There are 2 protein chains.
Amino acid sequence: MSLATDAADKPTLYKRIRADIEKRILTGEWPPGHRIPFEHELVARYGCSRMTVNKALSELAQADLIERRRRAGSFVRRPQHLSAVLKIADIRAEITALGRAYGYELIGRKLRTATAADRDRLGVKKAGKVVAIACRHSADNVPFAVEDRLIDLSSVPDAATADFSREPPGSWLLHHVPWTEAEHTISAIVADDRAAEALDIAVGAPCLVIDRYTWRSARTITAVRLLYPGDSHRLVARFKGG
Amino acid sequence: MSLATDAADKPTLYKRIRADIEKRILTGEWPPGHRIPFEHELVARYGCSRMTVNKALSELAQADLIERRRRAGSFVRRPQHLSAVLKIADIRAEITALGRAYGYELIGRKLRTATAADRDRLGVKKAGKVVAIACRHSADNVPFAVEDRLIDLSSVPDAATADFSREPPGSWLLHHVPWTEAEHTISAIVADDRAAEALDIAVGAPCLVIDRYTWRSARTITAVRLLYPGDSHRLVARFKGG
DNA sequence: TTGACTTATATGTCTAGACATATAATCGTG
DNA sequence: CACGATTATATGTCTAGACATATAAGTCAA
């Protein structure tokens, strides 16, 4: 019987507070920039202790839905563009799932102290050790993608001794290192001599480029550039919306 | 004077507890499946109250780094698969959000009975009416993307009379038609004569292509192809792991 | 052996306080 | 008016308890 507002079942109080606020943000009732009620106001409204509303607000802040500023209050954060779920699986899994034979070839692997370019690419300031890896993935013996990767050893010490001659670094990392944030940048280029040779395509042919950066908290794990032949490969994202 | 482990500066206690645990997980000292110390053990180790370690563990759980089970304890989670939220905003909103001047130009608009090619593109069998739209988006008066769109009028009758000379069809649809499913296909091509002229780039220059199909229930709403200059435009997707 | 019941226990939620800290607003002074 | 010092206040962190709840593990009967 849904007679009352929504105290029907019985989620815990802080979850209800969180859900209430979340709903108002998502429906646009509280637009970006809107100041949500102060903790003491919510305490009064829900008749609970401050720690309870604090927990609700802290979780909303952790989820980037709101921003909290001392002395000023808590505010609805800006973004909320049209968002979609894009699944970019581990390449080995992707090819295997397509029912094609996966091939992997390690082209090069170097362990070095981070150069200025490496630090710039990883977005770190201190010069620690890194592993640079170049490799090629193929499907049914046809080049599928070339990979150029940098792994920060201060974040992933085990990568120094991992055997990447048989297991692709992407798969290895996925199974050994949890990540909290990542960023993909997708762009297009035309193949230069080196790319053309590695992918067995013509110089000047279009290539799809995916630059992926992965972090654990604020710490960089790895930066990878994947080059796909653009006319044969397609990145498909299917998702549900609202 | 970094003599101790890392109590040098002074993050709050619960953050230090969280960081300590996180580090052990990252280094592999506590592999997936490992049971981390019970709250009361951490309370003893850090000499604090249970709420403090609870906050640290709760955040690690919210970040999916650990899994907490009543009566059993807290366990290191297996690293998650790579599935991500890709944000592809409405182009007008995207450019505006960048703080650049949005420009829009309708190149052509045709209302016609669906041709075989149209039906194929929309994935429909019956020959209904469609609107074909070609337009160009610019940022600070520089071509940003060209759009080639087909709208199924049997799904969106209002589109027949909508004024697309001022409002881009993407924004119009986003605000008038709810969608339930969409699919993006991203690929790379080199510019042909027509694309080169529209985007003001050289013939043979790389272009990023996004083909987007949108449905409501099983009904096609629209199919659109967006062409971006590949060397200047980047599609950025930032997301949280899970 | 299997299933049902009981118990012990780790986490989940909550309270009513406390002090710390960053900072928006205000006040004073040059 | 400009600028530095002061103050008020909202959030940040923490405590020492409490009771709730799910469930692993043990117990006992069929």
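When reading the values below, keep in mind they use all heavy atoms of this one structure, side chains included, and skip hydrogens, waters and symmetry mates. Quantities reported herein were computed from a predicted structural model and do not represent experimental measurements. In what follows, every chain begins at residue 1, and chains take the letters A, B, ... in the order their sequences are listed.
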Pull out every protein N or O sitting under 3.5 Å from an N or O of nucleotides 25-28 of chain D, one pair per line with the distance.
none

Review point. Do any side-chain nitrogens or oxygens of K55(B) fall under 4.0 Å of OP1 or OP2 in dT13(D)?
Key: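 Result: yes.
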Check your understanding: Counting only side-chain N and O atoms of T12(A), is one of them less than 4.0 Å from OP1 or OP2 of dG12(C)?
Key ->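 It does not, given that no N or O in the side chain of T12(A) lies less than 4.0 Å from OP1 or OP2 of dG12(C).
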Specify the separation, in whole Å, of atom [atom1] of [X] and atom [atom2] of [N].
X      : N       : atom1 : atom2 : result
Q62(A) : dT11(D) : CD    : P     : 18 Å
E59(B) : dC14(D) : CD    : P     : 11 Å
I36(B) : dT11(C) : CD1   : P     : 8 Å
R35(A) : dA10(D) : CZ    : C1'   : 10 Å
F38(B) : dA8(C)  : CZ    : C1'   : 12 Å
E67(B) : dT11(C) : CD    : P     : 13 Å
R16(B) : dT13(D) : CZ    : C1'   : 14 Å
R68(B) : dT23(D) : CZ    : P     : 14 Å

Exercise for review: Go through the structure and list residues passing side chain to side chain contact (heavy atoms under 4.5 Å, CB included) with A44(B), not counting sequence neighbours.
Suggested key: none
**Study point:** Any residue meeting side chain to side chain contact (heavy atoms under 4.5 Å, CB included) with Y104(B), in chain and number order, not counting sequence neighbours
**Key:**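 With neighbours one apart ignored, the set is Y102(B), L106(B), C135(B), H137(B), F164(B), P168(B), P169(B).
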Exercise for review: Could you tell me which residues satisfy side-chain hydrogen bond (donor to acceptor under 3.5 Å, both in side chains) with R50(B), sequence neighbours excluded, listed by chain and number?
Suggested key: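 Scan of R50(B) (side-chain hydrogen bond (donor to acceptor under 3.5 Å, both in side chains), adjacent residues dropped) gives E39(B).
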Check your understanding: Taking only residues two or more places apart in sequence, or in another chain, which ones meet R69(B) in a side-chain hydrogen bond (donor to acceptor under 3.5 Å, both in side chains)?
Key ->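 Result, side-chain hydrogen bond (donor to acceptor under 3.5 Å, both in side chains) vs R69(B): none returned.
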Point to revise | Pairs meeting criterion salt bridge (Lys or Arg N to Asp or Glu O under 4.0 Å) with involvement of residues 158-168 of chain A, two or more places apart | key: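 Non-adjacent pairs meeting salt bridge (Lys or Arg N to Asp or Glu O under 4.0 Å): R92(A)-E167(A).
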Practice item. Can you run down the salt bridge (Lys or Arg N to Asp or Glu O under 4.0 Å) pairs that involve residues 120-129 of chain A, sequence neighbours left out, and say none if there aren't any? Key: R121(A)-D148(A)
**Study point:** base_contact_polar (dT21(C) base, R70(A) side chain, donor-acceptor, <3.5 Å)
**Key:**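 Flag set: donor-acceptor pair detected.
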Check your understanding: So what does L57(B) hit on the nucleic acid, given a heavy-atom distance under 4.0 Å: a base, only sugar-phosphate, or nothing?
Key -> nothing
Practice item. Tell me what S58(A) touches on the nucleic acid: a base, only sugar-phosphate, or nothing, going by heavy atoms under 4.0 Å. Key: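 Result for S58(A) = nothing.
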**Study point:** Which residue lies more 5' along DNA chain C, comparing R69(A) with N54(B) via nearest heavy atoms
**Key:**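 Nearest-nucleotide comparison on DNA chain C picks N54(B).
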Point to revise | Side chain of K15(B) (C-beta onward), nearest among dA22(D), dT13(C), dT13(D) | key: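 Out of dA22(D), dT13(C), dT13(D), the nucleotide with an atom closest to K15(B)'s side chain is dT13(D).
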Review point. For DNA chain D, what residues of residues 39-52 of chain B have any heavy atom nearer than 4.0 Å?
Key: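 Of all residues in residues 39-52 of chain B, the ones placing a heavy atom under 4.0 Å from DNA chain D are C48(B), S49(B), R50(B), M51(B), T52(B).
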Point to revise | Non-neighbouring partners of Y46(A) that pass ring pair (Phe, Tyr, Trp, His ring centres under 6.0 Å), sequence neighbours left out | key: none
Practice item. Determine the minimum heavy-atom distance between W30(B) and P37(B), stating which atoms define it. Key: CH2-CD, 3.6 Å
Review point. Can R136(B) and E105(B) be counted as an ion pair, charged N to O under 4.0 angstrom?
Key: yes
Review point. Is it true that the side chains of S74(A) and R35(A) contain a donor and an acceptor less than 3.5 Å apart?
Key: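 S74(A) vs R35(A): no donor-acceptor pair found between side chains.
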